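Written below as structure tokens is the structure these notes are about.
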Amino acid sequence: MESFLQQILQGLKLGGIYALIALGYTMVYGVLRLINFAHGDVFMLGAMLSIYFARWTGFGNQPSWLGLGATLLFAMAVCGAIGGVIERVAYRPLRNAPRLSLLIAAIGVSLLIENVGQLRQVFGPTPQPFPALIQTKTVAQWGSLTVSNVEILVLLVALGLMAGLHVFVHHTRFGLAMRAVAHDHQTAGLMGIPAGKVIFGTFVLGSALAGAAGVLWGLSYPVINPMTGFVPGIKAFVAAVLGGVGSIPGALLGGFLIGEAESLTAFYLSSTYKDAIAFVILILVLLARPTGLLGRKEVEKV
Amino acid sequence: MSALLEIQGVGMEFGGLKAVEGLDLEVAEGELVGLIGPNGAGKTTVFNVITGVYRPTRGRICFAGERIDGMAPHLISRRGIARTFQNIRLFKNLSALDNVVLGFNRSARQDVLGSMLLTAKHWRRQAGILKRSHELLDKLGLGLAEGRSSMELPYGEQRKLEIARALATQPRLLLLDEPAAGMNLAEKRELTGLIERLRREFNLTILVIEHDMKMVMSICPRIVVLDHGQKIAGGTPDEIQRHEQVIEAYLGEKAPSA
């Protein structure tokens, strides 16, 4: 029983990170109908650049709340900016091109980041240790079930950002414009909403969340290399599809479900299968319910 | 009297198809002009060209003295042109109120920053916009509908909500694309009164596409007729009704007398 709960806890932590990444996929898909395959790499950059930031500021040498907070903010800001640049440079010129071109551009950006990152002059191919921004401690224990402060922290930060996003999307004018553009960007434009700016803002927002996810990932799995973003990125994509791509609550649900599935598979089946389970789920979803758990059927407009 | 909207020699081609050809049209401030013509005459294309959905392949369009053809739709909207759609295009994922709130959209840059930083100014502006949205919905008799999803509203109210949303952008020129389509007689009568009332209250200039001849003839002092993308007539309802080419366009060519 305790080991089961331990796996559930582990799944929640993992799921919170997947959910944060999945939000970026789903928001961008919402406004642009694009699966932004470079999103996982933005997540990696969040983790990777935080290592350099912590090294440069000295926050990595001594765990402190200030250091953690500053690194988190740094990762969000820098990833937001990177996401914005990617949109401007790679996707905006293709706004009127067929969607397939956009998808190929996304894969291209992903390959570019991963491979340029492996150059020795950039990050290099060797994994780098993520600094201990907080001291890992056990904060609660029941029998063999232990809860560490990192797990609590990851979950709290993830939930906090999700709550913030909810307020943003449902109670601000930009959020309203985002929902309008997601529904019909042409009509939104005719009502005076600058769809281009809204799409840009959505990229910035989603990428900032990926940056935060990168830091949380680094705290949990403190070894980062330029390919780190690939697998979590794909799993978060599966999470977005599972929840219903385009749906924000769906991304949250999907993220946590994938996290749990992975954690339980690793424990009860074999850790060999833990990466495969996400794809099994993807195939099942596409067969049984292609619109995802909370997704709506898309009606083609005539 | 200088025209608010000036369309000069506008042509719109899609591949080889000439949807609109050599169109000249002037609408003076405060006018209510009807745009009629058989199906496929290019009426909605004219609206699309005015609002920036399409960039005309020929000619120029000026609004309040400024050239607007080729401008992005959101910039044209901000200069004061709003429209409704033949097949309703509300934001169905939003409530009736939010559809209108969205229309009050003036300075996007402040919006983005304010939204991100959740500034006090953003909330104050937001409160002011909410109040004006309530008032606007009340004026159109949609006060009770505001909390509901726009998708659930009855058809006639959806049409009115589209007008409310258009008015929220604070237009000088309102383009109505078949506002009475699908309405019953009572609803049409109510709409006729509403259009007249809104025109006076908001100092609007209106260009309306409508298939219901009785309605067009009764509300529009001036009517322009399109056929095959070309303007074939223009004048008062009386003149239009007697215009030979118009009768031909609608009824087909007169059979040669035997």
Side-chain angles (χ1 to χ4, degrees), chain A residues 30-31 73 76-77 80-81 84 92 95-96 163-206 208-209 244 246-249 294-299 301-302, chain B residues 47-48 50-53 71-85 87-95 97-119 122-123 125-126 129-130 150-151 162 165-171 175:
Chain A
V31 294
L73 283 181
M76 291 181 71
R92 178 158 311 181
R95 191 59 45 81
N96 297 316
L165 181 71
H166 179 86
V167 171
F168 186 80
V169 170
H170 287 275
H171 298 282
T172 67
R173 290 177 53 63
F174 183 84
L176 184 59
M178 212 173 102
R179 284 182 288 153
V181 170
H183 185 262
D184 180 349
H185 69 97
Q186 193 181 55
T187 305
L190 289 166
M191 295 303 135
I193 295 165
K197 281 184 189 148
V198 171
I199 290 170
F200 179 76
T202 305
F203 263 88
V204 171
L205 197 62
L209 293 178
S247 154
I248 288 178
L294 303 181
R296 258 170 316 194
K297 205 172 253 161
E298 203 157 320
V299 185
K301 263 164 283 187
V302 227
Chain B
F47 275 19
N48 282 338
I50 297 173
T51 52
V53 175
M71 252 186 212
H74 72 273
L75 296 176
I76 295 178
S77 157
R78 287 182 183 187
R79 277 164 177 72
I81 300 181
R83 69 178 287 184
T84 65
F85 301 88
N87 40 356
I88 300 174
R89 282 167 65 176
L90 288 165
F91 299 109
K92 295 200 176 90
N93 54 339
L94 304 181
S95 71
L97 181 65
D98 277 347
N99 266 280
V100 175
V101 167
L102 201 72
F104 286 100
N105 189 307
R106 285 281 135 161
S107 63
R109 192 156 304 161
Q110 279 175 23
D111 271 355
V112 175
L113 266 181
S115 298
M116 296 237 173
L117 304 172
L118 299 175
T119 57
H122 177 259
W123 292 120
R125 259 169 54 90
Q126 188 80 326
I129 286 170
L130 267 178
S150 57
M151 202 167 44
E162 264 209 333
R165 180 180 66 176
L167 290 175
T169 66
Q170 298 153 61
L175 309 176

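Computed from heavy atoms alone, side chains included, the values below leave out hydrogens, waters and symmetry copies. This is a predicted model, so every value here is computed, not measured.
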Any donor-acceptor N/O pair, A:Arg173 side chain to B:Phe104 backbone, under 3.5 Å: yes

Sidechain-backbone polar pair: B:Asn99 side chain, B:Ser95 backbone, donor-acceptor under 3.5 Å: yes

Residue B:Ile129 versus chain A: region with a heavy atom under 4.5 Å: side chain

A:Ala188 versus chain B, the contacting section by heavy-atom distance below 4.5 Å: both

Donor-acceptor contact below 3.5 Å, side chain B:Arg78 vs main chain A:Gly192: yes

Side chain / backbone / both / neither for B:Leu94 at chain A, heavy atoms under 4.5 Å: side chain

Side chain to side chain, B:Leu130 and B:Leu97, heavy atoms closer than 4.5 Å: yes

Among the listed options B:Pro73, B:Ala72, B:Ala82, the residue most often paired with chain A at heavy-atom distances under 4.5 Å: B:Pro73

